Colleague: 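Have a look at this one.
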Amino acid sequence: MAALISVHHHPAGFLEGRAQPGSGRHGEIIASFLQSDVQGDLETAGAFLAELAAAERGEEPQPGGAGNAFSIAISPTGAVIRNAVIEGARPEHYSLAELRTALETWVAAIERARDPP
């Protein structure tokens, strides 16, 4: 699965998500979601990965939640991310594999930022 995002450590100290070239709005939404709602928090990322694993096993979805700027709902059929700040924002749908790849990419960036070379 090709990554939709890349992650950079911004000079101001935060993780910056960027859509991969060619991923368009699909990459932009998930990059913005990770940057604003997960940030550098491994616990939050882990909670999303656990919810994702439950969905991959076919378990009933947890009630969706809203973070700083986005809402997300994860179910066995995929994930839906919507900007919760912009009224009438169109939801963006992701496969579970796309969400897993993005979350794992983000977690790796958090771990790199915590353990500099």
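In this text the structure is predicted, and so the values were computed from the model without any measurement.
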Colleague: Decide yes or no on side-chain contact (heavy atoms from CB on, under 4.5 Å) for Leu52 and Leu96, but give the supporting numbers first.
Modeller: CA-CA 7 Å; Leu52 175 61; Leu96 295 178; 3.4 Å; yes
Colleague: Is the ring pair Tyr94/His26 parallel, tilted or perpendicular, if the boundaries are 30 and 60 degrees?
Modeller: parallel
Colleague: How close do Ile5 and Gly27 get, counting heavy atoms only, and between which atoms?
Modeller: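 Looking at all heavy atoms of both residues, the closest pair is CG2-O, 3.8 Å.
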Colleague: Heavy atoms only: give me the nearest Gln39-Ile110 pair and the separation to one decimal.
Modeller: O-CD1, 3.8 Å
Colleague: Quick one: salt bridge (charged side-chain N to carboxylate O under 4.0 Å, His left out) partners of Arg100, sequence neighbours excluded?
Modeller: Glu56, Glu104
Colleague: Taking Phe48 as the fixed residue, which of Trp106, Phe70, Phe33 is the one that meets the ring-ring contact (aromatic ring centres under 6.0 Å, His included) rule?
Modeller: Phe33
Colleague: From Ser32 OG over to Arg18 CZ, what is the distance, rounded to the nearest 0.5 angstrom?
Modeller: 12.5 Å
Colleague: Is the shortest heavy-atom distance from the side chain of Leu99 to the side chain of Ile30 under 4.5 Å?
Modeller: yes
Colleague: For the backbone of His10 and the side chain of Glu16, can you confirm whether one donor and one acceptor N or O come within less than 3.5 Å of each other?
Modeller: no
Colleague: Search all heavy atoms of Ala31 against all heavy atoms of Ala19 and return the closest pair with its distance.
Modeller: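 Result for this residue pair: CB-N, 4.1 Å.
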Colleague: Where is the tightest heavy-atom contact between Gln20 and Ala3, given as atom of each residue plus distance?
Modeller: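 Shortest heavy-atom separation between Gln20 and Ala3 comes out as CG-O, 3.3 Å.
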Colleague: Under the criterion side-chain contact (heavy atoms from CB on, under 4.5 Å), I'd like the reasoning laid out for Leu34 against Leu103: C-alpha separation, chi angles, the key distance, then a yes or no.
Modeller: CA-CA 8 Å; Leu34 292 166; Leu103 281 166; 3.7 Å; yes
Colleague: Under 4.5 Å between side-chain heavy atoms, hopping through other hydrophobics if needed: is there a path connecting Leu42 to Val38?
Modeller: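 Yes, Leu42 and Val38 fall within the same hydrophobic cluster.
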Colleague: Indicate yes or no: at least one non-hydrogen side-chain atom of His9 is less than 4.5 angstrom from one of Leu15.
Modeller: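 They are in side-chain contact.
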Colleague: Would you say that Leu4 contacts Glu98 through its side chain, given a criterion of any heavy-atom pair below 4.5 Å between the two side chains?
Modeller: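 They are in contact (side-chain heavy atoms under 4.5 Å apart), so the answer is yes.
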Colleague: I'd like to know if the side chain of Asn83 reaches the main chain of Arg90, judged simply by a donor and an acceptor atom lying under 3.5 Å from each other, with no hydrogens or angles considered.
Modeller: no
Colleague: Measure the spacing between CZ of Arg82 and CD1 of Ile72 and express it to the nearest 0.5 Å.
Modeller: 12.5 Å
